[in-house]
Structures are given as structure tokens and as C-alpha cells.
Amino acid sequence: MTSRPELQAPPEIFYNDDEARKYTSSSRIIEIQAKLSERALELLALPNDGVHRLLLDIGCGSGLSGETLTENGHQWIGLDISQSMLDVALEREVEGDLVLGDMGQGLDLRTGVIDGAISISAVQWLCNADKSSHEPRIRLKAFFGSLYRSLARGARAVLQVYPENLAQRELILSFAMRAGFSGGVVVDFPHSTKSRKEYLVLTCGPPSLSSAAPRGKGEDGESCSDEDSSGDEDNQSVCVSDRHRPRKKQKLNKKMKGREWVLRKKEQRRRKGTAVPADTKYTARKRKARF
């Protein structure tokens with residue numbers, strides 16, 4: 001997995017001037033980015049009422065995803081840690097407002113002003129400790145906590161990620177749930193190594209019928225059936241209510257200790273020489289609640 005960019009260098013270093021221009025000039029990357037952004041916008045499920053929304057593009061890079069948002073009639077704010085990427089975005093005269101910042105330090109946005117958020121191939125960078133001061137858990141907590149606060153109540157965030165393994169996927173999702181989000185993971189083309197894509201579809205607020213994670217797409221472009229998705233452990237939705245289970249579950253169907261057990265224990269004590277009351281018809285009889 002040495003080809004993964006997040007394992008080679010921090011994003012602000014990896015995406016230098018040369019890499020930023022090479023990334024933006026690749027027709028293949030432009031096409032992939034457009035498809036991922038369209039799918040993220042679809043999963044965002046914004047109301048089709050003709051009203052322009054203010055969206056947040058996390059890890060906006062050179063503005064490729066933002067162009068998709070603009071084409072769909074939305075205003076957007078783009079956040080990225082790479083100055084080189086933002087410089088290319090300025091040269092391309094994208095229509096979004098660009099912000100230089102590290103999402104691992106939290107989003108400096110007003111509470112409840114964002115109508116939806118997308119992110120393409122960016123959030124998994126938070127799982128890497130690029131500096132001695134970087135702790136992935138602290139950075140994930142800061143990111144999801146600030147994202148939750150900036151979203152309007154009931155708004156969605158769709159984060160397309162490339163987790164390195166199952167543990168990394170669960171780490172990201174767990175901090176999203178702790179921040180208060182409901183939802184889960186949507187997997188497109190789950191049986192294809194090349195085409196497989198994962199999206200965290202999160203709703204700001206407790207789980208409801210409208211916040212249930214949609215189904216992923218299959219090879220034919222249609223939604224996967226229940227039979228296809230039931231065997232895929234990665235396509236399971238996790239609700240925020242799962243975090244509020246009791247620490248210790250009460251034992252059910254507890255076996256009662258009857259008369260035979262009491263008589264046997266008393267006989268054992270007699271053999272040890274312990275003084276034990278004599279056996280009567282009242283031995284081991286359950287006392288009533290009140291006399």
C-alpha cells in the first residue's frame with residue numbers, strides 16, 4: 001500500500017505545486033472526481049425545491065468537486081490544508097469561497113450555517129500521525145465535533161473515504177457517532193476491488209426514518225438488494241442509539257435456587273460442623289411481599 005499518498009507525506013507537503021498541477025490536469029482524475037462528487041451530492045439528498053444551499057467541501061483541493069456543486073446551483077465553501085491546491089483553485093477561478101485550514105484542528109464556522117457537507121478522499125488523512133503532536137483520535141474528535149456544530153439540524157454530511165483497513169473504518173465511524181451523528185456506511189460496488197467506493201452518510205441529529213443510510217449501488221448501477229448487502233459487513237448502518245446501551249446487561253432468566261439446593265447446602269455445612277437450623281416445611285419457602 002505504498003501508493004497511498006497519506007502514507008508518503010503530510011497533505012500540505014505531498015500536494016506541493018508540482019503535484020497540485022499534475023493532479024488537476026489529469027483527465028482521468030477530473031472524471032473520477034466528478035463522478036464521486038455527483039454520487040456524494042445524490043446521497044446528500046437535498047430537497048428538490050429550487051432553493052440554493054450553502055454547502056461545505058472538506059478537502060476541496062483545486063476545486064474539482066466544487067465545480068460539480070456549482071453546476072447543480074449551490075453555493076459552497078472549500079476547505080483545504082494545501083496552499084498549492086488552493087492556489088490552483090484560484091487560478092481556475094472557481095466560484096466557491098476558499099479557506100486554508102486543517103480539518104483536524106476543527107472547522108472554524110458559525111453554528112448551524114451549513115446546509116450540507118461533502119468530502120472526497122480526504123477524511124482518512126486524519127488517521128495518520130504526521131507530527132509528534134498529531135493524535136488521530138483527538139483530531140477525529142475535533143473534526144466531527146466541529147462539523148456537527150456547523151451543520152443545520154437534520155442536514156447531512158457525505159464523506160467519501162478510502163480506509164486502509166477495517167480498524168480505520170471503525171475508528172472514523174465511531175468518532176462520528178460520538179459527535180452525535182446518525183447514519184452509517186454506504187458501499188457502492190461492494191464485490192468489485194477496483195470500483196468499490198465507501199461513503200459515510202451522516203445526519204446531524206438522532207436517528208429517524210429520514211436519516212437511515214441509503215443502499216449502495218451494484219455492478220449494474222442499481223441499488224444493491226437486501227440479499228447482496230446482508231452478507232457485506234462493511235455496509236451496515238450504525239445508529240447513535242448504539243452508544244447508549246447500559247454498561248452491564250442484566251441477566252435474564254435467572255435460575256432460582258429451590259428447596260433441594262438449600263437442603264443440600266445445609267447438609268454440607270452440617271458435615272463441616274457448622275450449626276445449621278433444623279429442616280422444616282418452611283425451609284426455602286419464598287416469603288410473601290407483605291404479611
Side-chain angles (χ1 to χ4, degrees), residues 1-11 14 32-33 35-37 39-40 42-44 58-59 103-104 117-131 134-148 156-204 207 211-219 223-245 247 249:
M1 298 297 292
T2 55
S3 60
R4 297 179 68 96
E6 64 268 22
L7 300 181
Q8 299 182 38
F14 180 84
I32 293 175
Q33 195 85 2
K35 289 182 179 179
L36 294 176
S37 303
R39 178 58 171 154
E42 177 185 345
L43 293 172
L44 210 55
I58 305 163
M103 60 180 171
I118 70 168
S119 178
I120 306 299
S121 310
V123 176
Q124 71 271 5
W125 287 83
L126 294 176
C127 297
N128 294 278
D130 299 317
K131 302 177 182 178
H134 282 185
E135 168 55 45
R137 294 178 179 273
I138 296 177
R139 290 169 62 75
L140 285 167
K141 180 180 179 181
F143 168 65
F144 281 111
S146 59
L147 177 61
Y148 186 91
R156 273 186 176 182
V158 178
L159 315 175
Q160 186 271 322
V161 294
Y162 287 113
E164 186 176 3
N165 47 45
L166 180 60
Q168 193 174 95
R169 180 187 303 112
E170 292 179 346
L171 178 66
I172 296 172
L173 186 58
S174 66
F175 276 92
M177 299 297 108
R178 292 180 188 181
F181 285 104
S182 58
V185 179
V186 173
V187 181
D188 285 353
F189 314 110
H191 306 298
S192 173
T193 304
K194 184 177 180 180
S195 302
R196 178 187 176 97
K197 297 293 184 296
E198 298 187 18
Y199 300 83
L200 268 65
V201 182
L202 309 173
T203 301
C204 182
S211 64
R215 295 177 181 176
K217 289 184 177 181
E219 296 298 334
S223 296
C224 295
S225 64
D226 293 337
E227 294 180 358
D228 293 336
S229 60
S230 60
D232 187 1
E233 295 179 356
D234 301 330
N235 198 15
Q236 301 296 321
S237 297
V238 180
C239 294
V240 66
S241 56
D242 292 343
R243 299 185 293 108
H244 303 302
R245 57 183 181 275
R247 292 183 179 180
K249 295 183 178 179

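Distance CG/Leu43 to CG/Leu202: 11.0 Å, rounded to 0.5 Å. Distance CE/Met177 to CZ/Phe144: 8.0 Å, rounded to 0.5 Å. Rounding to the nearest 0.5 angstrom, the gap separating the CG atom in Leu171 from the CZ atom in Arg137 is 5.0 Å. Atom-to-atom distance recorded for Gln168:CD and Leu173:CG is 12.5 Å, nearest 0.5 angstrom.
Remark: Ile32 engages Arg28, Leu36 in a side-chain contact (heavy atoms from CB on, under 4.5 Å) (not counting sequence neighbours). Taking the ring-ring contact (aromatic ring centres under 6.0 Å, His included) definition, one finds that Tyr148 meets it with Phe181, sequence neighbours left out. Residues satisfying the side chain to side chain donor-acceptor pair (under 3.5 Å) criterion with Gln124, sequence neighbours excluded, are absent altogether. For Lys141, the side-chain contact (heavy atoms from CB on, under 4.5 Å) partners are Phe175, not counting sequence neighbours. Ser121 pairs by the side chain to side chain donor-acceptor pair (under 3.5 Å) definition with Gln160, not counting sequence neighbours. With sequence neighbours excluded, the residues satisfying side-chain contact (heavy atoms from CB on, under 4.5 Å) with Pro136 are Ala129. With sequence neighbours excluded, no residue forms a side chain to side chain donor-acceptor pair (under 3.5 Å) with Ser119. Legend: residues meeting side-chain contact (heavy atoms from CB on, under 4.5 Å) with Ala40, ordered by chain and number and at least two apart, are Ile118, Ile120, Val158. In this view, Glu170 satisfies the salt bridge (Lys or Arg N to Asp or Glu O under 4.0 Å) rule with no residue, not counting sequence neighbours.
Two residues are said to be in side-chain contact when any heavy atoms from C-beta on lie closer than 4.5 Å; Val186 and Arg39 meet this criterion. In this structure, the side chains of Glu164 and Cys127 stay at 4.5 Å or more apart for every pair of heavy atoms.
In this structure a side-chain-to-backbone donor-acceptor pair under 3.5 Å is missing from Arg156 to Thr203.
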Applying side chain to side chain contact (heavy atoms under 4.5 Å, CB included), run through Ile58 and Leu147 and close with a yes or a no. CA-CA 10 Å; Ile58 305 163; Leu147 177 61; 4.0 Å; yes

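Listed here is the closest heavy atom pair of Ala142 and Gly104: CB-O, 3.6 Å.
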